[in-house]
Each structure stands twice: as structure tokens, then as C-alpha cells.
Amino acid sequence: MKQDKEEYTFQIKCPECDADIEVPDDVISGEIVSCPDCGMDYEAKIGADGKVVLEQAEIEGEDWGE
Amino acid sequence: MSKIGLMFDRIRWDEKSLIRAATKAGVDLNLVDSKTIYIDTSVNPEKIIAEYGEIVIQRCVSYFRGLHGTAILENSGIHVINNFNVSLTCGNKLYTTLALTKAGIPTPKTLVAFTEEGVYKALEKLGYPAVLKPVIGSWGRLIALVRDKDSAQAIVESREQMSNALLQIYYLQEYVKRPPRDIRTLVIGDEVVAASYRYSPEDEWRTNVARGGTSEPCPITNELENIVLKAAKAVGGGILAVDCMESPDGIMVHEINSTVEFRGLYSATKVDIPSKMIDYAVGVVKK
């Protein structure tokens with residue numbers, strides 16, 4: 001039985017540097033994934049066909065935070 | 001079961017854990033990506049409630065985005081966690097200080113100036129070192145430890161070059177002689193659910209987890225609990241991170257956060273914070 005879903009991942013190529021980015025199986029649209037090689041942040045988007053694509057995440061704004 | 005909304009702009013670890021906690025509790029959580037929507041302020045409030053939920057947990061990382069979203073939703077009769085006034089007060093360090101001072105809660109001595117001239121006068125009164133913070137902003141950004149007049153001048157001059165008018169509000173605080181740590185507490189309603197010490201990383205005086213600070217569990221003493229609950233009440237209550245310092249004169253509250261990041265606190269204490277937050281929202285629906 002799956003204890004922790006995040007252990008299960010699939011890989012998407014980083015649009016910036018072509019490294020493999022681990023994306024959790026239970027990824028949600030809006031979730032942030034980061035490239036382990038170049039550090040770029042992406043926002044996962046799940047299309048109508050269920051396919052996950054990575055879009056560049058918003059750049060941190062000066063009003064961001066808690 | 002009533003619908004509960006969660007308005008976000010980023011799904012971070014925190015939001016994902018809230019979604020999991022809602023699923024576990026059997027709560028129908030309506031995820032609203034604020035980046036993809038518009039809200040028509042002229043439609044019947046009932047329509048807005050039907051679309052978003054009776055309760056909305058506001059989780060936008062962008063303070064102004066969250067605040068303005070909350071304004072509309074609350075105006076439609078939705079109970080937003082946290083409400084507009086709480087978000088407004090906690091999003092601005094000066095408004096927080098005013099609320100804490102009014103309630104008689106120990107907080108660092110704070111002076112406010114609007115010009116370079118005012119800053120120097122304020123610093124003479126406070127003495128060096130002093131702390132200069134922007135009134136809006138998080139994660140320790142642009143917070144400066146001012147050691148002398150020269151560094152004050154450099155900071156003020158660079159701030160004057162920035163186009164953000166809010167950066168010309170100079171919020172100056174005494175430097176409190178504290179251990180190299182502060183205390184992050186989380187209040188949910190009437191309860192302090194968790195507390196952690198946050199230690200500054202090496203070569204850094206700020207303790208923010210976003211700056212690499214590390215967290216360890218902190219005992220919730222009566223003194224801490226009393227002050228923290230009073231502080232949460234002073235800004236209007238809800239789900240709040242009340243940050244404290246151990247000053248030579250006892251516990252002081254220096255900041256209250258309204259859109260709480262709880263990953264560090266969770267990993268230090270193992271308290272199931274996301275489930276407690278969802279339970280609180282469900283409790284508000286029932287009331």
C-alpha cells in the first residue's frame with residue numbers, strides 16, 4: 001500500500017536546461033516544482049487531456065510572504 | 001457539508017498539505033487559482049458565495065492580491081480566514097505595532113519617520129544599532145540592522161531611489177538584546193497549537209526560515225501562551241503566526257503573520273497543523 005504518495009514521481013524535462021525534474025504523481029495544477037540542476041521554478045499545469053506541462057512560475061513580488 | 005474555498009496563487013508544500021488534510025476530513029475544498037480568475041463585484045453576493053463557498057481560506061502569497069480578493073469575498077458575505085481587517089493589520093508592520101501597543105502587549109520600541117531627516121532624528125533617539133524595516137514585506141527582505149549614521153544614510157538613499165512609495169515610510173525599531181533565536185507560535189482560534197524556536201543561520205542575524213533559519217520545538221509556557229493569545233486577539237484573531245522574542249524583560253511580540261507558512265513549525269513540532277486549520281474552518285461553517 002502506498003504510504004506517502006510523494007514517493008511516487010514521474011519525470012519532465014526542464015524547459016530551461018533539459019535536466020530531469022521529478023514531479024509527484026498527485027501533482028495539482030498550480031503546484032511549484034523546481035529544477036534540481038538550474039534552480040528554475042515552474043508551475044505545473046494539468047491540461048484537459050490530463051497531461052502535465054510546466055510553465056514558468058511567477059517572479060517573486062515585493063509583497064510576497066506571510 | 002458546506003463548501004470551503006481555498007484561494008491561492010501558488011501551491012506550495014503548505015497548500016498541498018491543506019488540500020490533503022481536507023480530503024482526509026471529507027471536506028469539499030474548492031481550489032481557486034487567483035491568477036486565472038476575475039471577480040464581478042456587481043453580481044448578487046449569493047452567486048459569489050455559491051461559486052466560492054461560505055468560507056474561504058485565503059492563501060495568496062502576494063499580499064495585495066490576497067487582501068483585495070478578501071475584500072470582495074468578505075463584502076459578499078463570505079467568511080474569509082483571515083478576515084480583511086486582520087489581513088490589513090498583519091500585512092503592515094506599523095498597523096500591527098499600533099494594535100499591539102494599544103492592547104498593552106510588550107513589543108519593541110518603534111519610531112516612524114517619513115524623510116531622511118526624520119530617520120536621523122529617530123536614530124539619535126533610539127541609539128545604535130537599530131533595526132530598519134519596510135512596513136510591507138516578508139521573509140526578512142529589506143530589513144536592515146543599522147549600526148551607525150553612515151549605514152543609515154546609505155540605506156535611506158537607496159530606498160529613496162526605489163519607486164515604491166511604501167518604502168519611504170521608515171519603520172525603526174530598537175535592537176532587542178535577544179538570544180540568536182526567536183519564537184514562532186501558531187494560534188488557531190483560541191488555542192496556541194504549536195511553537196518553535198527559530199535560530200538564525202550562520203553569518204545572519206535574521207531568523208526567518210525563508211533566510212535559512214532552522215526550527216526546533218519550543219515549550220508553550222503560561223507566559224508565552226498568555227501573551228500570544230492576547231496578541232492574536234489584539235489584531236482580530238483567526239489563524240495567525242505570532243512571532244516573539246525573549247527580551248531581557250520577558251517575552252515581546254514583534255510580528256504577526258496572517259497568511260501563515262507552517263512548514264518549518266510542522267517539521268519542528270510534528271503537530272498536524274493543516275488538519276487543525278481545516279477543523280477550524282469547518283467549525284466556523286458550523287457556527
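As a basis for the values below, the full set of heavy atoms in this structure was taken, side chains included, without hydrogen atoms, waters or symmetry mates. Just so we're on the same page: letters track the sequence lines, and every chain starts at 1.
Contacts between B:N208 and chain A at a heavy-atom distance below 4.5 Å are absent for every atom of the residue. Residue B:L166 does not touch chain A at all, counting heavy-atom pairs closer than 4.5 Å. Heavy atoms closer than 4.5 Å to chain A are found nowhere in B:R12, neither backbone nor side chain.
Within a 6.0 Å radius of NZ in A:K45, more than 12 heavy atoms belonging to other residues, nucleotides or ligands are found. Heavy atoms of other residues, nucleotides or ligands lying less than 6.0 angstrom from NZ of A:K13 number more than 12.
Scanning residues 89-100 of chain B against chain A with a 4.5 Å non-hydrogen threshold yields no residues. Within residues 57-66 of chain A, the residues approaching chain B closer than 4.5 Å by heavy atoms are, in numerical order, A:A57, A:E58, A:E60, A:G61, A:E62, A:D63, A:W64, A:G65, A:E66.
Distance check: A:I28 CD1 to B:R20 CZ gives 7.5 Å after rounding to the nearest 0.5 Å.
Under the 4.5 Å side-chain criterion, counting only non-hydrogen atoms from C-beta, A:E31 is not in contact with B:I19.
The greatest number of non-hydrogen atom pairs below 4.5 Å with chain A, out of B:R65, B:E255, B:R59, is found for B:R65.
Of all non-hydrogen atoms in A:V27 and B:K16, the two that sit nearest each other are CA-NZ, 3.9 Å.
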